[in-house]
Structures are given as C-alpha cells and as structure tokens.
Colleague: 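Can you read through this structure? Questions will come right after.
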Amino acid sequence: MCGIIGYIGEKQAYPIVINGLKKLEYRGYDSYGICVLDNEKVFLKKRVGQILEEGESEFNGCVSIGHDRWASTGGVCEKNAHPHEYNGFYVVHNGIIENYKELKEDLIKKGHIFNSDTDTEVIAHLISEEFNGNLEDAARKALKKIIGSYGIAVVSPKDKDKIVIAKMSSPIIIGICKDGHIVASDPSAVIDYTKQIITLDDGEMAVLRKDSYMILKEKKIETIDWESDSISKGDYAHYMLKEIMEESKVIESATMGRLLDNNVKLGGLESSKERLEEANKIFLIGCGTGYYAAKTGEYLMEEIGGIDAEAHMGSEIRYRNPRLDRNEAAIFVSQSGETADNLAALKKFKDAGVLTLGVTNAIGSTQTRETEGGVYTRCGPEIAVASTKAFIGQITVLTMISIFLGRQRNLSEKKAEEVIKELRDIPFKAELILNNREEINNIVQKYLRFKDFWFIGRKFNYPIAMEGALKLKEISYIHAEGTPGGELKHGPLALIDENCPTVALCPRDSVYDKMLSNIEEVKARNGKVIAIASEGDNKIKEIVDDVIYIPKTIEALTPILTAIPLHLFAYYFALALKRDIDKPRNLAKSVTVE
Ligand code: F6R
C-alpha cells in the first residue's frame, strides 16, 4: 500500500525514480509524485492516475524521492499526492499516522498552514518545527511525536546531499549501487540496479549519501536472487496472465530439492522440528487469498498431517482471544510478508509463546524476519495485484508441510510416497490446464452477460470456491460468492435462478456424489452450471451446461488443479469486460494498513 522510492548518487535521479515508481505501482496507483533536488533548486511534480511517462530526464539533479499513492487519508487529487512539502522539507510516506488530527490542530494553532488533507503532511511540518541545521535530528524528534506506521523518505535543500529514511511497521529497503544508493518499499524497485540490499527494522533510521550510508546499528547485506526480467511482462498483455502461466513452474520450483521418497526436506523447519513434533494444534493465518490458502492448509494438515488445524483471517484473529499455549504452532501465509493484519496476529501468537512459522514469498520481508522459521514459496516476484501464482505456491508448500507433520505422526511411508509421487507429476498436469486456456476463454464468452456468480466446492475444494469467487469479483467487478456445496440449501439457493450461474468444483473425490446432488439442486432452479471436473467424467457432461476438465489426481492435490482454471476464468472475464486487470480499482498489493 503506497510505494516509496528515492535515489542519491552520481547519475541523474529522475529516470531511476520514475522507473522505480513504475515497478512499485502495484502498491498504489491513484496518483504519483516526485521531487528532484539540484543544489538549492527543487523540482516537484504530482499527477493523478497511473504513470504513463517513460522517465526521460525531465529534471536535472542527482537526489530524488518519489511515491505511488493508494489513498487512505484524503481523497484522490493532486494536492494529496506525495511528496508533501512544508517550508522546504519534502516527505514521502507509506503507512498511517494515527494521531495526525491532534498534531495538525496543534500545528495550526502555531500558525502552520496545511495544503492537503493527508496525515503525511504533518511529518513535514513537524520536521520544520524541529529543524536546527540537521535533517536526521529533526526527523528523529518529529517521529517521536508520531503514533502509527511509517516508511518515510525525507529530503531538503536546507540540508542537502542526503536522504533521511525511517521505518515503523511499513517496509523499507536500501539498495547499494556502485554509483549511489536507492531506498524503496521492496526489492522489485532496485533489482535493475543492484542485488545488494539492506532491510531496515522497525524503529530504525538511516541517512543515505552518494557514497555512504549510515544506519543506527550494523546491518547484514543480503543478496536477492530475483532476475530483472522476472518483473517484466514479457510478451504477455498483463502481469496476471504471465503469472498464471507460470503456475506450473511455481509448483516445480516450490518442490525442487524438497521431495524425498517418503518425506520432505524443508530446511526452514529444521530448527523447529522438536516443537512441531510435540505440537497438538496448528493455526494457519492469512488474509484474502492468503487466507484461502490457509484454509486449504487446514484440510491438508488434518488429513495428511494428522494434527488439529484451524485457519483464521489475520484481520480477525488479531482482535480475538483464543487460548494459546506453547504446545501449538502458527503458520502465517503471505505473499508479501508485509500484510499488517498478519503481522499484528504474529506478534500476538509470539507473545503467547506459540511457535511461529511463515509460508512467505518475499525474501527478507518482515514476516520472514519475525517468525522463528518457515518455508519460502519461491514464486519469484508477483506484480499483478490479484494473487495467483503465489496462491499455487502457498498450497504446494502447505501440502509439503502436511507431509512433514504427518511423517512425525501417523502418516505411513506408503501414503507419503503416494502423495509425493503425485506431487512430482502435478507441474505437468498444471501445464495441461494452462495449455487449454483458449477453451476456458471460449466458455467465459458465453457468460459475459451475467452479473452474479456462485462458486461451490466441498472439503478441499471449498476454499478454492472462495478463491475463484474472490478473483472474479476483484478484477472483473462482478458479484461472486464462494460457499460449501452443502450450504446451498441453508440459504444461498434462494438466489439461484436463470440469472445466477454456478461454478461447481467437482473433481472425482470423496465428496463427488454430494457435489452432483448440489448441481442437481441448482439445475432444478434453472441455474446454469459450469463444472470443473476430472477428465474422463462423461456423466457430468450430461447434467451441466459447460465443463472444464482437469487431469486426474489424488484428492488432497485437487485444489492445485482446480484453482488454475478459476484464475484463467477470472482473467478472461475481466479481459472481455476491458477491466484494468493488473490494477483493479480501489485495491493495491501488499496491504500494510490495518
Ligand atoms: C487477492 C489478493 C489479496 C491478498 C491479501 C494478502 O487476489 O491478492 O487478497 O492475498 O491482501 O496479501 P499477502 O499474501 O501479501 O499477505
């Protein structure tokens, strides 16, 4: 939520900052802004809407900060775009200042005039109040007055040749380049220039200069292994399609080197092995798509892992009071590793002595640093706001963790071998579905006139039904809901008629017959049905309107294969409706607000 970027070095800063803003645009695309310092001169530019320019050097200067905005406090307009300036102090900010109203009132009483409706602007005013010749001192004193979350970058011609940055609950990294330094909200904005990064921790501040950086404490330099072309669209029209098309490779990469004959090797769980063996319950926590992966994990842990499992939304569990103890473990599922609600829940579980683990995609993210262990999903950068390949990576990793837990408990060698053997084949099966994408597109074309959709599934495929519905509503703005098939008769069936089609997930599994009964219930109300079914299932063809076939697999692995056609379904739907697929309205990736 909001992207911040800055450069100080030998090169012209403007093109570097514009390029970084484009890379971070998935974090917010209501408006953007940039300021460039050239000695005493400052160039400031703010625009509403997405970045269309190519980043030609419009302004001279080797120091610059910029910002992609996702509006939280104050509407979408030029005056609310960052950087915010007061008395020569320029600030970009990601986060929320909770006590900004009180601070603003005090400042107004002192004669300050505000130019925007944002919370951020108070930071520039506070720095101006505290300034005594040294920008970092002023920033430190100003931040002491602030309650809330922030990742900030500050520049001023009054103390030039430096960028002051600080972090509290919003991510900030420093990229160390040959010709200078870059500050950014995440590594995707720096990998065109360097792979050497430092991640700032909460409460830390740093001063970046052309040839040096100063952090209050000694930090480790990490190397990011993402390639620069992994964050380009390549030949695809949208990042989302590119990322869906990578789903089979994601399964391959998530499982690579981790599958043994009848067990899995997960380095990130090694140090927690004993505690996991003793654990009597697993909590799985995520938000949005991450929650649906967690919910799939709940079924996997119970069935394969042989352990009680409970999935929760980070945004809810953080405010509840579950009885927690040291004999429990919690797995946090997140692509970005920066989702504020998850991080708040993580703190709660950690404080209670629960073993905390992460299933995370973003390397070096807060979640990976705050948990005691975990497993990377290894999906590479995910840029489209709607999460697709990360979801596939998450459920693949959760399947492996279930095998790990199962082998510590009652999962037999034979059963583990069967799941692992099938897991090895899943990338090829996923590829077959991806190759069939035109057929899914053809089916979508028949349903474009509908404004409501119902998605149903049972057991392992109930969370996938919710994931399919979320994806459709998120990028096509079509109303969709996902419920267990067995719940239809308890209410939702009242909505089913010829105007509300149902997408039914019914691979050949232990609940197949029950799903067929649900489909009959829908058909009896004149509802159209699109089934996602196992290849060779000719019976279903007779009952439903359209079928998308997926290869056969064992029950526990069906979620991986049923999710892929639903991602394609949502993509083609949104494409036909000409939606802004990679940047759906009102949303942003990496939700760092609560
Ligand atoms: C939906 C989507 C969101 C995210 C959610 C959590 O397509 O992308 O629902 O899944 O905001 O994000 P992470 O995984 O970064 O914690």
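All figures in this text were calculated on a predicted structure; none of them were measured in a lab. Note that these values count all heavy atoms, side chains included, but never hydrogens, waters or copies made by symmetry. In each ligand, atom 1 is the first atom listed, and ligand 1 is the first ligand listed.
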Colleague: Select one of side chain, backbone, both or neither to describe which atoms of Glu338 lie under 4.0 Å from any atom of ligand 1, heavy atoms only.
Modeller: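 Glu338 to ligand 1: no contact under 4.0 Å from either part.
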Colleague: So which bit of Leu470 gets within less than 4.0 Å of ligand 1, heavy atoms only: side chain, backbone, both or neither?
Modeller: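 Within the 4.0 Å criterion, Leu470 contacts ligand 1 through side-chain atoms alone.
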Colleague: For Lys446, is the NZ atom crowded, meaning more than 12 foreign heavy atoms sit under 6.0 Å from it?
Modeller: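 Enclosed: over 12 neighbouring heavy atoms sit under 6.0 Å from NZ of Lys446.
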Colleague: Quick one: which ligand 1 atoms are inside 4.0 Å of a heavy atom on Gly290?
Modeller: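 Within the 4.0 Å cut-off of Gly290, ligand 1 contributes 10 (O).
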Colleague: For ligand 1, note which part of Thr339 has a heavy atom under 4.0 Å away: side chain, backbone, both or neither.
Modeller: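 Contact part for Thr339 vs ligand 1: side chain (C-beta onward).
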Colleague: More than 12 heavy atoms of other residues, nucleotides or ligands under 6.0 Å from CD of Glu372: is that the case?
Modeller: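 Yes, because the 6.0 Å sphere around CD of Glu372 holds more than 12 heavy atoms from other groups.
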Colleague: Is the closest heavy-atom distance from Thr388 to ligand 1 below 4.0 Å?
Modeller: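 No.
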Colleague: For atom 2 (C) of ligand 1, what is the nearest protein heavy atom, given as residue, atom name and distance?
Modeller: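 The closest heavy atom on the protein side is Glu474 OE2, 3.7 Å.
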Colleague: Measure from the side-chain N and O atoms of Thr356 to the backbone N and O of Ala330, and report whether any donor-acceptor pair falls under 3.5 Å.
Modeller: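 No; zero donor-acceptor contacts below 3.5 Å.
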Colleague: When you measure from the side chain of Asp582 to the backbone N and O of Met240, does any donor-acceptor pair fall under 3.5 Å?
Modeller: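 Judged by distance alone, yes, a pair lies under 3.5 Å.
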Colleague: Nearest protein heavy atom to atom 14 (O) of ligand 1, by residue and atom, and its distance?
Modeller: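 Sorting protein heavy atoms by distance from atom 14 (O) of ligand 1 puts Gln335 N, 2.7 Å first.
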Colleague: Give the residue and atom name of whichever protein heavy atom lies nearest to atom 3 (C) of ligand 1, and the separation in Å to one decimal.
Modeller: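 Going atom by atom, the protein heavy atom closest to atom 3 (C) of ligand 1 ends up being Thr289 N, 4.0 Å.
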Colleague: Phe569 vs Phe455 aromatic rings, parallel, tilted or perpendicular, using cut-offs 30° and 60°?
Modeller: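 The arrangement is perpendicular - the two ring planes meet at more than 60°.
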Colleague: Quick check against the 3.5 Å criterion: does Tyr447 have a side-chain atom that pairs as donor or acceptor with the backbone of Phe453?
Modeller: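 Not a single qualifying donor-acceptor pair exists.
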Colleague: For atom 6 (C) of ligand 1, state which one of Ser336, Ser365, Cys287 supplies the nearest heavy atom.
Modeller: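 Of the listed residues, Cys287 has the closest heavy atom.
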Colleague: Work out whether the distance between some heavy atom of Lys471 and some atom of ligand 1 is less than 4.0 Å.
Modeller: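 Contact check Lys471 vs ligand 1: positive.
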Colleague: Check each atom of ligand 1 against the heavy atoms of Gly288 and keep those under 4.0 Å away; list them by number with element.
Modeller: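 Under 4.0 Å from Gly288, ligand 1 has these atoms: 9 (O).
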Colleague: Spell out, as yes or no, whether a donor-acceptor pair under 3.5 Å connects the side chain of Lys281 to the backbone of Glu328.
Modeller: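 Absent.
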Colleague: Can you list the ligand 1 atoms lying under 4.0 Å from a non-hydrogen atom of Val385?
Modeller: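 Taking each heavy atom of Val385 in turn, ligand 1 has 8 (O) under 4.0 Å.
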Colleague: With a cut-off of 4.0 Å, which atoms of ligand 1 are near a heavy atom of Ser334?
Modeller: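 Heavy-atom distances to Ser334 below 4.0 Å select 13 (P), 14 (O), 15 (O), 16 (O).
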Colleague: Should Leu398 and Leu284 count as side-chain neighbours, where that means a heavy-atom distance under 4.5 Å?
Modeller: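 Heavy-atom side-chain distance check passes, below 4.5 Å.
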Colleague: Give me the nearest non-hydrogen protein atom to atom 11 (O) of ligand 1 as residue plus atom name, then the distance to 0.1 Å.
Modeller: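 The protein heavy atom lying closest is Val591 CG2, 3.7 Å.
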Colleague: Are the side chains of Lys471 and Phe391 in contact, using a 4.5 Å heavy-atom criterion?
Modeller: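 No, their side chains stay 4.5 Å or more apart.
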